[in-house]
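Residue numbers begin at 1 in each chain, while the letters A, B, ... track the order of the sequences.
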Amino acid sequence: MKRYLETGNFAITEGAILAGCRFFAGYPITPATEIAEAMSRRLPQVGGIYLQGEDECAALHLCIGASLGGYKAMTATSGPGYILYADPYGWAIGCEIPLVILNSGRVGPVSGITGAPGQGEFYLTRYPTQGGNYETIVLAPNSAQEAMAITVEAFYLSERFRTPVTVLADQLITDGFEDISVPENEDEMKDMGFRIWPRKINRGPNFYPPTDEIDIPPVVLGHNTGALCSDWTPTEEGYDIEEVEAHHKHAHRLIYKIRNHRELFSHLHEKKFMDDDPDLIVVSYGTPSRVVNTAVARARQEGLKVGALRLINLWPFPDEHFQKRNKYLVVELNWDGQLVREVQRAAGKDSEVHFTGCCGELPTVNDLIEIFEKILKGQPLARKGWQLEEW
Amino acid sequence: MDYLARKYLRPRKIPSTACSGCGLGINHKAVVQAIYELGLEVEDVVWGTSIGCAGRQTFGTWKGDGFAGTHGRVYAIARGLRLALPPEKKIILTVGDGDAFGIGLLHLIHAARCNADLTVIVNDNLGYMSTGGQYGWTTPYGSKTDSSPYGMFEQNLMSEGMDVLNILRYAGATFLARHVSMDGYRVVESIKKGIQNRGFSLIHIIYPCPTNFGSRELGTRSPLKIYKWIESKAAPLGEEKEETLWATGIYYDASNSRPEFSETIRKNIERIRRSTAA
């Protein structure tokens, strides 16, 4: 194990290389530029390829081409680049191409504030492309160290499900310097829980079987398997077809290969002070969860019975955490409230769901404790300028 | 099915579902003929296509591996694939004019810029014909289409002395040719040269669309009328007349004169890997 004082961008790069990534195509964008820079330095050292796309749309298409040729491939960006992935993302979902996509959230809409954290793409990562009829896998780490592990996990899942996986980070995770341990051999990787799935080659002839099974090798071109992949509805062999029945089968696979294997995500969450059935559950993901954890620990010392639930697997949404009638507070780095909508849906009418959001900066521990107190006493959340609003 | 189709194409997709009288099949056959004459086998070629008439009608026809990319992005996909495939594998792309010169022009220029070893066959039916017939970026000035009912009057990549091949030449392409479908064996020869160039090659082939372009511009769906009309507007390079829209032949041949993209990348990675390992 080697220790570094480094950024999340560094950790993500090392994680990708450990997972077997040997192709990265990027486009400079704050706060994910340093991943591209680190990849350009590190990949050639291990025989891998770094390329710069003419735009993000090209970058992801380059990754698709490389993945179709057998590489484990990755790209990284922030919101304004992520929207340019819409075109290739859909193709990769439809053709079931394994890829890893990192999105480091900043403050939007549009270019917004480039060097500050935001969580405005909770739904965009669920619906990153046109058409619907698919499920997506999205994972959200809350530290540089975890970003490395989650990047490794994203590659693992992308191969098994043969689909693009988004790692949703934010500016503080990718830019922030932290204590990072990088495993140096397979044993150390195993000790850290890193799982690796090798690239396999589908030999056909049924490249798109209408089943929810996973572990079906992806299409790899150039091995004369007769593989076909296109942007149209595929037959099982990959021919284009304009038939609702065929499309239904294909869509069913795209949705249920993921939904029917939730056990592969179920460990991807973190619970603190949740064992004694707390009166209020504070829900968050990414960087704000670190403030939430501190605030909840402090609140406990002050006698408030609160617990913290941090989601790492955001999509498919883990409804199972919200089955019990309870009071929930959702803390997000946005002012419009995104995760809270999903929590409200999953928790149902009998639960009480509150929201507090800020953006570009983190909430403070004191602010959060004040909100916990108010919710527990049944008082309305006082407006505090534009920072904290009841949803 | 003729001997070429039996050897290289999939019976399920041949004949294609193209409109009757469509000239695309002539271009398609010229590509397969060129592959045959170069002695290439099914496993030597990965065939990519795009969206629109040219993309859809040629997708899945090749017996070997094939793909159809998103509209205009196939040049970026093919570039990624080029890096993953061994250098001896040929990547041949059959695309349309809207795909290459409209939505995909940026990616096309970048594929030429780095001299990626791709052979791009641009099948140009003079606009967006699979969506019913709207003008494109090579539609002749004054032509009537469904989106230019008063005649096409916007500047495009083939008007006022402009030529889209100039853009590609100065972007770094190493083999460029232009033909009309009716050029027969000359098309096959150009495609062969394109495939033999270890670098970025593009062959621009104007082909007749009787169903949409013919019916709007010429007022008839008669294949014969549009075939003759295209022929009358084409002349070999150096023999252009006043009415010539398309000078045909090899426009630019700098085959194998520039380092190829994937070769350059591989060579440099090997160099860096060795120097950092030491």
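- For the set A:Asp87, A:Leu68, A:Ile64, the count of heavy-atom pairs under 4.5 angstrom toward chain B peaks at A:Asp87.
- Contact count against chain A (heavy-atom pairs under 4.5 Å) is highest for B:Ile269 among B:Asp44, B:Ile269, B:Ile51.
- Of the atoms belonging to B:Val42, heavy atoms from both backbone and side chain fall under 4.5 Å from chain A.
- Here the closest heavy-atom approach between residue A:Ala58 and residue B:Ala76 is recorded as O-CB, 4.0 Å.
- Across B:Ala68, B:Gly69, B:Pro86, the residue that shares the most heavy-atom pairs under 4.5 angstrom with chain A is B:Ala68.
- Residues A:Gly69 and B:Ala84 come closest through the heavy atom pair CA-CB, 3.4 Å.
- Annotation: A:Gln52, atom CD; neighbour count of heavy atoms from other residues, nucleotides and ligands within 6.0 Å is above 12.
- In A:Glu245, the CD atom is not crowded: 12 or fewer heavy atoms of neighbouring residues, nucleotides or ligands sit closer than 6.0 Å.
- With a threshold of 4.5 angstrom between heavy atoms, A:Val46 approaches chain B through N, CA, C or O but not through any side-chain atom.
- Chain B forms the most heavy-atom pairs under 4.5 Å with one residue out of A:Pro44, A:Gly65, A:Gly47, A:Gly53, and that residue is A:Gly65.
- With a 6.0 Å radius and a threshold of 12 heavy atoms from other residues, nucleotides or ligands, B:Glu88 has its CD atom above the threshold.
- Atom NZ of B:Lys267 has 12 or fewer neighbouring heavy atoms from other residues, nucleotides or ligands inside a 6.0 Å radius.
- Looking at A:Leu51, the atoms closer than 4.5 Å to chain B (heavy atoms on both sides) all sit in the side chain, from C-beta outward.
- In this structure, the separation between CG on B:Leu108 and CD on A:Glu54 is 10.0 Å, given to the nearest 0.5 Å.
- The main-chain N or O of A:Thr225 is found under 3.5 Å from a side-chain atom of B:Asp65 such that the two form a donor-acceptor pair.
- Contact count against chain B (heavy-atom pairs under 4.5 Å) is highest for A:Gly48 among A:Gly238, A:Gly48, A:Cys63.
- Between B:Arg82 atom CZ and A:Leu62 atom CG the span is 14.0 Å, to the nearest 0.5 Å.
- A distance of 10.0 Å separates CD1 of B:Ile77 from CG of A:Leu221, quoted to the nearest 0.5 Å.
- With chain A as the partner, the residue from B:Leu85, B:Leu83, B:Val46 showing the most heavy-atom pairs under 4.5 Å is B:Leu83.
- For chain A, the option among B:His71, B:Lys63, B:Glu43, B:Arg56 with the highest count of heavy-atom pairs below 4.5 Å is B:Arg56.
- Ion pair B:Arg10/A:Glu237 not flagged as a salt bridge, since none of the NZ, NE, NH1 or NH2 atoms sits closer than 4.0 Å to an Asp/Glu carboxylate oxygen.
- Rounded to the nearest 0.5 Å, atoms CG (A:Asp240) and OG1 (B:Thr49) are 8.5 Å apart.
- Checked for salt-bridge contact, A:Asp55 and B:Arg73 miss the test: no charged N lies under 4.0 Å from a carboxylate O.
- In terms of heavy-atom pairs under 4.5 Å with chain A, the best-connected choice from B:Tyr75, B:Trp62, B:Phe59 is B:Phe59.
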